[in-house]
**Q** 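To start, I am sharing the structure in question, which I have written as structure tokens.
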Amino acid sequence: MDSEDRPPVVLPHTDHEDSIHRTLKPHKPTSIADTPIAQEIEKTMAMKRALKSEEYPQLRKNHVVAVANQKGGVGKTTTVANLAVALAQKGTKVLVIDSDPQGNASTALGIEHHAGTPSLYEVLVGKMALGEVAQPCPNEPSLLVVPATVDLAGIEMELADEADRSYFLRRVLEEYLAERESTLVLIDCPPSLGLLTVNAFCAANWVLIPVQAEYYALEGISLLTDTTNKIRTSLNPDLDIIAFLVTMFDKRTNLSAQVESDVRTHYPNQTLKTNIPRQVTISEAPSWQQTVVTYDKNSQGSVAYQMAGLELLNKLIEKEN
């Protein structure tokens with residue numbers, strides 16, 4: 001019999017195939033308002049309305065928050081810069097300490113940090129006081145920034161033989177805050193768990209952990225929470241995690257949704273309700289030496305950071321009570 005005369009081969013149908021087809025079947029919007037873009041616009045508008053209706057509370061005490069994650073590329077520096085500007089615009093006294101030798105937070109906030117610029121390095125080696133090197137942010141003069149330069153890269157070797165090498169930043173920061181009140185200090189930590197990060201943890205009351213909505217996120221969180229617990233036990237009993245912030249969230253992918261769900265399941269009370277979306281303007285802003293809050297104030301990313309800043313502020317005030 002010729003191949004043309006043969007009957008077609010029909011594979012047996014299974015319930016599993018039905019399940020796969022049901023899973024892969026795309027969602028068909030029933031109206032324009034049901035489309036993903038419309039939903040995102042509505043969500044952003046809702047956050048804008050909430051920000052306008054909310055009164056920004058003010059801190060009654062000084063708070064030092066180390067923003068850390070040993071994994072690079074999670075939006076840590078972007079989070080520091082945008083939260084700082086968003087809160088400073090609403091009247092919070094904010095000091096940013098850039099403790100990453102790459103100086104990316106300094107760049108994002110428009111602060112000079114070329115070699116020879118008075119920076120955190122001069123403070124840690126005892127040449128200058130913290131207040132002497134702090135510079136006002138050009139886009140938000142009420143925000144002060146302690147820049148980082150490449151000189152900071154060698155600080156671990158210089159302090160290696162010092163018995164109290166873990167407390168250098170704590171001492172200079174206590175001296176600075178002794179003359180100030182109701183100040184929020186945000187420390188941008190390097191993407192490692194070296195001496196600079198240990199100094200930040202010993203100087204801080206709180207740790208804010210940005211969590212990238214991608215694979216390996218929870219593994220990194222586990223390592224960082226273990227480190228926080230060890231430092232609290234051995235070096236700084238006042239240290240605790242204030243919040244987790246999901247960054248680079250893409251609602252179009254199942255992976256982002258799964259990571260967010262896992263983080264909220266493990267840390268339901270500490271994870272901020274606001275997610276920071278993956279958005280082009282957030283990535284573009286630093287090239288103009290700006291944050292997205294000043295670069296494109298009404299964008300989805302800007303509004304999300306403003307909302308996250310308000311959430312962080314409320315959490316800190318709750319801890320004061």
Side-chain angles (χ1 to χ4, degrees), residues 47 50-51 53-69 75-99 105 109 130 134 137 140 142-146 169-170 173-174 176-189 197 199-211 221 224-225 228-229 231-232 236-247 263-264 267-276 291 293 303-321:
M47 286 195 291
L51 287 168
S53 63
E54 287 276 356
E55 289 188 10
Y56 269 69
Q58 296 302 316
L59 298 172
R60 297 191 301 273
K61 300 178 181 178
N62 295 324
H63 292 272
V64 182
V65 180
V67 183
N69 195 319
K76 173 181 55 61
T77 297
T78 302
T79 293
V80 170
N82 281 284
L83 290 181
V85 172
L87 291 174
Q89 288 181 343
K90 297 298 183 177
T92 303
K93 290 182 282 186
V94 183
L95 171 71
V96 169
I97 298 179
D98 189 353
S99 69
L109 294 169
L130 198 66
C137 173
E140 185 54 51
S142 65
L143 168 62
L144 296 178
V145 184
V146 175
L169 181 56
R170 178 171 183 158
L173 193 50
E174 285 179 343
Y176 175 86
L177 292 175
E179 301 175 357
R180 291 163 178 83
E181 58 183 16
S182 306
T183 298
L184 173 61
V185 180
L186 296 173
I187 306 176
D188 183 30
C189 299
T197 300
N199 261 258
F201 279 22
C202 288
N205 313 107
W206 311 106
V207 180
L208 171 63
I209 303 177
V211 182
I221 289 179
L224 196 52
T225 52
T228 302
N229 292 334
I231 290 181
R232 180 170 60 244
N236 181 10
D238 298 326
L239 186 67
D240 203 356
I241 295 173
I242 187 70
F244 297 89
L245 175 62
V246 177
T247 62
V263 174
R264 295 192 186 282
Y267 307 100
N269 298 322
Q270 292 170 296
T271 306
L272 298 183
K273 295 177 182 178
T274 305
N275 296 330
I276 305 302
T291 64
V293 173
V303 173
Y305 268 119
Q306 292 175 61
M307 200 71 189
L310 178 59
E311 282 193 69
L312 175 62
L313 202 59
N314 282 324
K315 277 186 172 291
L316 292 172
I317 290 172
E318 285 177 12
K319 299 296 183 181
E320 293 179 347
N321 299 327

**Q** Can you find a heavy atom in the side chain of P57 that is under 4.5 Å from one in the side chain of N314?
**A** yes
**Q** Return the set of residues passing ring pair (Phe, Tyr, Trp, His ring centres under 6.0 Å) with F244 (not counting sequence neighbours), or none when no residue passes.
**A**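 With neighbours one apart ignored, the set is Y267.
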**Q** What are the two closest non-hydrogen atoms of L95 and V145, and how far apart are they?
**A**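 Heavy atoms only, the tightest pair is CD1-N, 4.3 Å.
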**Q** Provide the closest heavy-atom pair for F201 versus N236 in the form atom of the first, atom of the second, distance.
**A** O-ND2, 2.8 Å
**Q** V185 and V65: side-chain contact (heavy atoms from CB on, under 4.5 Å), yes or no, with the steps?
**A** CA-CA 6 Å; V185 180; V65 180; over 6 Å; no
**Q** Step by step, work out the side-chain contact (heavy atoms from CB on, under 4.5 Å) result for V146 and D98.
**A** CA-CA 6 Å; V146 175; D98 189 353; over 6 Å; no
**Q** Find the distance between OG (S182) and CG (L177) and round it off to the nearest 0.5 Å.
**A** 11.0 Å
**Q** Check for a donor-acceptor pair, side chain of T291 on one end and backbone N or O of A81 on the other, with a separation under 3.5 Å.
**A** no
**Q** What pair of heavy atoms forms the shortest contact from I187 to S99, and how long is it?
**A** CG2-OG, 3.8 Å
**Q** In Å, rounded to the nearest 0.5 Å, how long is the span from CE of M307 to CG of L312?
**A**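 Here the interatomic distance stands at 13.0 Å.
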**Q** Between K76 (side chain) and C189 (backbone), is there a donor-acceptor pair under 3.5 Å?
**A** yes
**Q** For Q89, check side-chain contact (heavy atoms from CB on, under 4.5 Å) against everything at least two apart and list the hits.
**A** V85, E140, V293, T294, K297
**Q** Using a 3.5 Å distance criterion without hydrogens, assess whether the side chain of R180 forms a donor-acceptor pair with backbone atoms of N62.
**A**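 No, R180 side chain to N62 backbone: no donor-acceptor pair under 3.5 Å.
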**Q** With sequence neighbours left out, which residue pairs that include part of residues 58-69 fulfil the salt bridge (Lys or Arg N to Asp or Glu O under 4.0 Å) condition?
**A** R60-E320
**Q** For T274, what residues pass the side chain to side chain donor-acceptor pair (under 3.5 Å) criterion, not counting sequence neighbours?
**A**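 T274 satisfies side chain to side chain donor-acceptor pair (under 3.5 Å) with E311 once adjacent residues are dropped.
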**Q** State, to 0.1 Å, how close A304 and N275 come at their nearest heavy-atom pair, and which atoms those are.
**A**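 In terms of heavy atoms, the two residues are closest at CB-O, 3.7 Å.
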**Q** Search all heavy atoms of L87 against all heavy atoms of G309 and return the closest pair with its distance.
**A** CD2-O, 3.4 Å
**Q** Is any side-chain heavy atom of V94 closer than 4.5 Å to a side-chain heavy atom of L144?
**A** no
**Q** How would you list, by chain and number, every residue that makes a side-chain contact (heavy atoms from CB on, under 4.5 Å) with T247, sequence neighbours excluded?
**A** T79, P210, Q212, L245, I276
**Q** Could you go through the side-chain contact (heavy atoms from CB on, under 4.5 Å) check for L83 and V67 one step at a time?
**A** CA-CA 11 Å; L83 290 181; V67 183; 5.8 Å; no
**Q** Can you tell me how far the CD1 atom of I231 sits from the CG atom of D238, to the nearest 0.5 Å?
**A**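 Nearest 0.5 Å value for the CD1-CG distance: 13.0 Å.
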**Q** Look up atom OG1 in T225 and atom CD in Q270, then write down how far apart they are to the nearest 0.5 Å.
**A**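 Here the interatomic distance stands at 9.5 Å.
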**Q** How would you list, by chain and number, every residue that makes a salt bridge (Lys or Arg N to Asp or Glu O under 4.0 Å) with E174, sequence neighbours excluded?
**A** R170
**Q** Is there a side-chain contact between L186 and I97 (heavy atoms, below 4.5 Å)?
**A**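 Not in contact.
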**Q** Does L184 reach the side chain of L316, with side-chain heavy atoms less than 4.5 Å apart?
**A**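 In short, these two side chains touch, coming nearer than 4.5 Å.
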**Q** Quick one: side-chain contact (heavy atoms from CB on, under 4.5 Å) partners of N205, sequence neighbours excluded?
**A**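 In terms of side-chain contact (heavy atoms from CB on, under 4.5 Å), with neighbours along the sequence ignored, N205 is linked to V64.
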**Q** Taking only residues two or more places apart in sequence, or in another chain, which ones meet Q58 in a side chain to side chain donor-acceptor pair (under 3.5 Å)?
**A**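 In terms of side chain to side chain donor-acceptor pair (under 3.5 Å), with neighbours along the sequence ignored, Q58 is linked to no residue.
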**Q** Using the test side-chain contact (heavy atoms from CB on, under 4.5 Å), find all partners of T77 that sit at least two apart in sequence or belong to another chain.
**A**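 N104, A105, D188.
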**Q** Give the minimum heavy-atom separation between Y305 and T78, together with the two atoms involved.
**A** OH-CG2, 3.7 Å
**Q** So K315 and W206, do their side chains get closer than 4.5 Å, heavy atoms only?
**A**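 When only atoms from C-beta onward are counted, K315 and W206 do not touch, as no gap falls below 4.5 Å.
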**Q** Going from CG on L239 to CD1 on I241, what distance comes out if it is rounded to the nearest 0.5 angstrom?
**A** 8.0 Å
**Q** Between CG of L109 and SG of C137, what distance do you get to the nearest 0.5 Å?
**A**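 So the CG of L109 and the SG of C137 are separated by 5.0 Å.
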**Q** For R232, give me all partners under side chain to side chain donor-acceptor pair (under 3.5 Å), at least two apart in sequence or on another chain.
**A**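 Checked R232 against side chain to side chain donor-acceptor pair (under 3.5 Å); matches are N229.
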**Q** Please check: side-chain N/O of T228 versus main-chain N/O of L224, any donor-acceptor pairing under 3.5 Å?
**A** yes
**Q** For the side chain of K93 and the backbone of E181, is there at least one donor-acceptor N/O pair under 3.5 Å apart?
**A** yes
**Q** Is the closest side-chain heavy-atom distance between V211 and I221 below 4.5 Å?
**A**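 Yes - at least one pair of side-chain heavy atoms lies under 4.5 Å apart.
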